[in-house]
Amino acid sequence: MNLNSRTLAVLISMAVALVLTAFLAFARYLSTEGIIVAMAVVFICCFLIIHFSYEALVFREIKNVYSSLEKIKRQDYKKVESKSLFTADPLTKIKDDIYQIAERKQQEIDELRQLQAMRREFLADVSHELKTPIFAAQGFIHTLLDGAVDDPAVRDKFLKKAANSLDGLDALVQDLISISQFEKGVVKMQKKNFDVVQLAREVFEQLELKAASRNIRLHLEVQPDEEIMVFADRNRIYQVFVNLIDNAIKYGREDGNIWVWFTEGRKRYTITVKDDGKGIAQEHINRIFERFYRIDKSRSRDSGGSGLGLAISKHIVEAHRSFIAVTSEIGKGTTLRFKLQKAKE
Ligand code: ADP
């Protein structure tokens, strides 16, 4: 049977009226007409009380839930407040639950939208970065095919340029693979004890020509034969050193200096790379670790990288349970620091 508030009220009122009139009839207080009138009065009173109580208490609550749903549909969460007559009412609870679910879902939708926007931006950045070396190599090779190949001097020059572009492309793809592996969380650090001073010397050797080309002096602030043993992934830390010192050379001032030194702590060593270059403005300082973030966006690829170096370095240092701290002053230079655990006995 389909029970609505009116049928329920009729049934209950009839039951109450019957019981009462049966009692009155049994007690013989009233005549037959009196009993009929009493029954009618009791029935009508009961009906009105029960029907309107239901309407007011139950159906108003449901209307309340619906009006909340309407507001949720319009994403108007602030105005969805409890107007219920009974706070412990199950209907109020349903309404609150619906509200909470809707709010959670909306948060999920917002996060997904944000992720989608980031993915779109990432794809645009990647394609832009890939395009540059591909177009360059393509241009050189087509020029050679169009006849430049017959002149040996031009041929060698163009082949070298095409090879350089392809090397750049290779480095970029390697960086992208590293970033995606770090973000997936599948990179395991191969930690072992090693001498970080020796590692710094190797990086200096690798970059000394590049530094010399800008007349920059590299200073390793350690005692001769000093050894500093740390427990870390040597190859990955090598990559961090190359990135930081390479940046210090690229963004340092010509005729400038780069210093690297180590400070001993209780459990860890702090490694500092400092340059006296152009520095980083405050508004950029927290963004330089973002993928593809470059302060000078117009810069040519010769003087700068893809904007992935610091993002990768940050991942590596974080995988060693540390972080890269940066301080910088425009015109004075930039200092980057991170910590490495001391060697294990
Ligand atoms: P890139 O490949 O462009 O060098 P990075 O991720 O290594 O990318 O660095 C991001 C940006 O941070 C650089 O483009 C540069 O603008 C800025 N930056 C990094 N290191 C330095 C530094 N030592 N001095 C000044 N600016 C720096």
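Start at 1 and go down the list; that is how both ligands and their atoms are numbered. For the numbers below, each heavy atom of this structure counts, side chains included, while hydrogens, waters and symmetry mates do not.
- Close contacts of ligand 1 with Ile295, meaning ligand atoms under 4.0 Å from a residue heavy atom, involve 14 (O), 16 (O), 17 (C).
- For the side chain to side chain contact (heavy atoms under 4.5 Å, CB included) test with Arg291, the passing option among Asp175, Leu308, Leu310, Ile312 is Leu308; the others fail.
- At a 3.5 angstrom cut-off on N or O pairs, Gly307 counts as close to ligand 1.
- Under the 3.5 Å distance criterion, the side-chain polar atoms of Asp195 are matched with a main-chain donor or acceptor of Ile228.
- Nearest-residue assignment for atom 15 (C) of ligand 1 (options Phe289, Phe292, Tyr251; heavy-atom criterion): Tyr251.
- The proximity of Tyr293 to ligand 1, defined as any non-hydrogen pair under 4.0 Å, is limited to the backbone.
- By the criterion of a heavy-atom distance under 4.0 Å, both the backbone and the side chain of Leu310 are placed next to ligand 1.
- For the residue pair Thr270 and Thr263, no side-chain donor N or O sits within less than 3.5 Å of a side-chain acceptor on the partner.
- Side-chain contact check for Asn257 versus Ile216: every heavy-atom pair is 4.5 Å or farther apart.
- Ligand 1 places these atoms under 4.0 Å from at least one heavy atom of Lys250: 1 (P), 2 (O), 4 (O).
- Within the 4.0 Å heavy-atom criterion, neither part of Lys278 lies near ligand 1.
- Considering both main-chain and side-chain atoms, Arg294 never comes within under 3.5 Å of ligand 1 through any nitrogen or oxygen pair.
- The N/O atoms of Leu336, backbone and side chain alike, include none that comes under 3.5 Å of an N/O atom in ligand 1.
- In Asp275, the part holding a heavy atom less than 4.0 Å from any atom of ligand 1 is the side chain.
- Two residues are said to be in side-chain contact when any heavy atoms from C-beta on lie closer than 4.5 Å; Met39 and Leu20 fail this criterion.
- In Ile280, the part holding a heavy atom less than 4.0 Å from any atom of ligand 1 is the side chain.
- Centroid-to-centroid, the aromatic rings of Phe122 and Phe292 come within less than 6.0 Å.
- Checked options Gln114, Gln106, Gln107; the residue passing with Asp110 is Gln106 (criterion: side chain to side chain donor-acceptor pair (under 3.5 Å)).
- Close N/O approach between Ala311 and ligand 1 is not found [any backbone or side-chain N/O within under 3.5 Å].
- The backbone N or O of Glu318 sits nowhere less than 3.5 Å from a side-chain atom of Ser322 that would complete a donor-acceptor pair.
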